[in-house]
Number of protein chains: 2
Amino acid sequence: MSDTRENIVDKAEELIRTKGYNAFSYGDIAGVLHIRNAAIHYYFPSKADLGVSVVDREIDKIASSREEWGDLPGNVQLRKVVERFYGSHRRGWICLNGSLTPDFLTLPDPLQKRVKEMCEVILDWMTESLEKGRKDGTLAFAGEAESRALLVISSLLSSLLLSRVLGKEVFTRMLDQLLKDIECAPDR
Amino acid sequence: MSDTRENIVDKAEELIRTKGYNAFSYGDIAGVLHIRNAAIHYYFPSKADLGVSVVDREIDKIASSREEWGDLPGNVQLRKVVERFYGSHRRGWICLNGSLTPDFLTLPDPLQKRVKEMCEVILDWMTESLEKGRKDGTLAFAGEAESRALLVISSLLSSLLLSRVLGKEVFTRMLDQLLKDIECAPDR
DNA sequence: GTCTATATTCCGATAGAC
DNA sequence: GTCTATCGGAATATAGAC
């Protein structure tokens with residue numbers, strides 16, 4: 001992939017995660033990368049194509065992490081995910097899920113399809129990690145793993161939304177409580 | 001308040017909660033209410049004014065419910081809130097929080113201020129309800145009430161976002177688990 | 001590949017008649 | 001209060017030169 005193409009996708013992801021899909025324009029990207037509007041259309045004929053590329057890349061990243069971390073204990077997998085969210089929080093970015101699901105009904109069909117796929121992949125992964133943690137004794141929680149996964153995803157997603165509005169302390173407060181709820185005491 | 005004015009605010013709220021603040025236009029409202037663009041500007045000179053009215057009304061509604069339900073047991077207060085979210089879910093609406101916090105950085109200053117205020121009011125109310133429930137023995141949870149309130153708000157907010165994408169069963173699944181986590185057995 | 005130039009559409013907002 | 005008419009600006013997208 002050419003540098004320009006990748007730079008465009010990078011910038012598009014940042015804009016989606018700071019301003020939202022409907023609030024960013026080709027002009028925003030062109031301005032920062034010092035290229036013209038038309039150059040972006042060369043790589044991505046429509047805005048939907050650009051959005052699809054951003055989400056597709058995220059789906060790939062998730063698959064990579066899942067494979068890379070597959071052998072780790074359940075609680076460590078969970079903590080890796082939390083760390084990634086902490087990185088987003090420090091940059092003031094929300095996650096793609098938190099940005100694109102509220103706008104879902106306004107997204108072009110191909111993009112809706114990818115967002116749905118991304119959500120399914122995230123849920124499947126989180127469910128598997130939680131099940132593993134319950135089996136290896138590093139996590140403890142009531143109910144089905146998939147229900148728990150949905151609630152964990154909720155907390156991660158919302159921690160970025162709410163801390164943006166209520167203040168950064170909210171992020172730590174939420175994720176600390178989340179981990180206390182679900183993690184077994186490490187020394188026992 | 002004139003009927004027209006209230007109808008405009010009604011429709012604006014619906015549009016914010018289905019399409020998002022940046023994706024709806026004066027034209028959307030005018031089309032449904034069979035009035036012209038300019039008539040809306042008569043009541044709301046700028047789009048920000050309209051957004052502010054929607055959020056202000058929500059803040060008022062929250063204050064009313066809080067007062068009305070103040071004497072109920074903690075778990076009943078919580079269930080009342082869950083019921084309200086169920087109503088939103090059936091209409092396919094997300095909550096104002098879930099719609100406006102992702103777009104926060106793109107909102108005009110006066111609207112940002114109201115969104116922040118709305119979040120604070122919701123958090124304060126939920127914290128109080130949870131504290132009451134823990135005291136009267138209808139709710140049980142670990143940690144500070146405010147941390148728990150943030151996680152409960154997360155689940156409510158996200159249940160609308162995720163069920164929109166993953167399917168409606170997700171809503172029930174999440175809120176059932178949420179209540180099981182925090183509610184004491186009713187007969188004991 | 002990137003540019004200039006432009007077509008097209010839409011949106012927020014205002015002026016002024018009724 | 002609601003209308004018609006319109007301005008100014010911005011956005012997506014395309015055509016064609018280099």
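Since we're looking at a predicted model, the values are computed, not measured. Residue numbers begin at 1 in each chain, while the letters A, B, ... track the order of the sequences.
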B/Ala38, nearest nucleotide to its side chain (from C/dG12, D/dC3, C/dC3): D/dC3
B/Ser25 side chain, from C-beta outward: closest of D/dT12, C/dG12, C/dT2: C/dG12
Value rounded to 0.5 Å, distance of CG in A/Asp124 from CZ in A/Arg66: 4.5 Å
SB check A/Glu128 A/Lys132 (cutoff 4.0 Å): no
Gap between atoms CG and C1', on B/Leu15 and C/dC11 respectively (whole Å): 14 Å
Sugar-phosphate, base or nothing in reach of A/Tyr26, heavy atoms under 4.0 Å: sugar-phosphate
Nucleotide D/dT12, atom C1' - distance to CD1 of A/Ile8 in whole Å: 15 Å
Nucleotide C/dG12, atom C1' - distance to CZ of B/Phe24 in whole Å: 11 Å
Which nucleotide in C/dA13, D/dA11, C/dG1 has an atom nearest any side-chain atom of A/Tyr42: C/dG1
DNA chain D: 5'-proximal contact among B/Tyr43 and A/Phe44 (nearest heavy atom): B/Tyr43
D/dG1 OP1/OP2 closer than 4.0 Å to side-chain N/O of B/Thr4: no
Side chain of B/Ile35 - closest among C/dG12, D/dC3, C/dC3: D/dC3
Residue of the set B/Lys80, B/Arg84, B/Gln77 for which side chain to side chain donor-acceptor pair (under 3.5 Å) holds with B/Ser65: B/Arg84
Nearest-angstrom distance from the residue atom NE2 of A/His41 to P of C/dC3: 13 Å
Whole angstrom value for the distance that separates C1' of D/dC3 from NE2 of B/His34: 16 Å
Spacing between B/Ile40 atom CD1 and C/dC11 atom P, to the nearest angstrom: 12 Å
Rounded distance (Å) that lies between atom C1' of D/dG1 and atom CZ of B/Arg36: 15 Å
Presence of salt bridge, A/Asp10 and A/Arg57, under 4.0 angstrom: yes
A/Arg148/B/Asp181 ion pair, N-O < 4.0 Å: yes
Interatomic distance where CG belongs to A/Leu33 and C1' belongs to C/dC3 [whole Å]: 16 Å
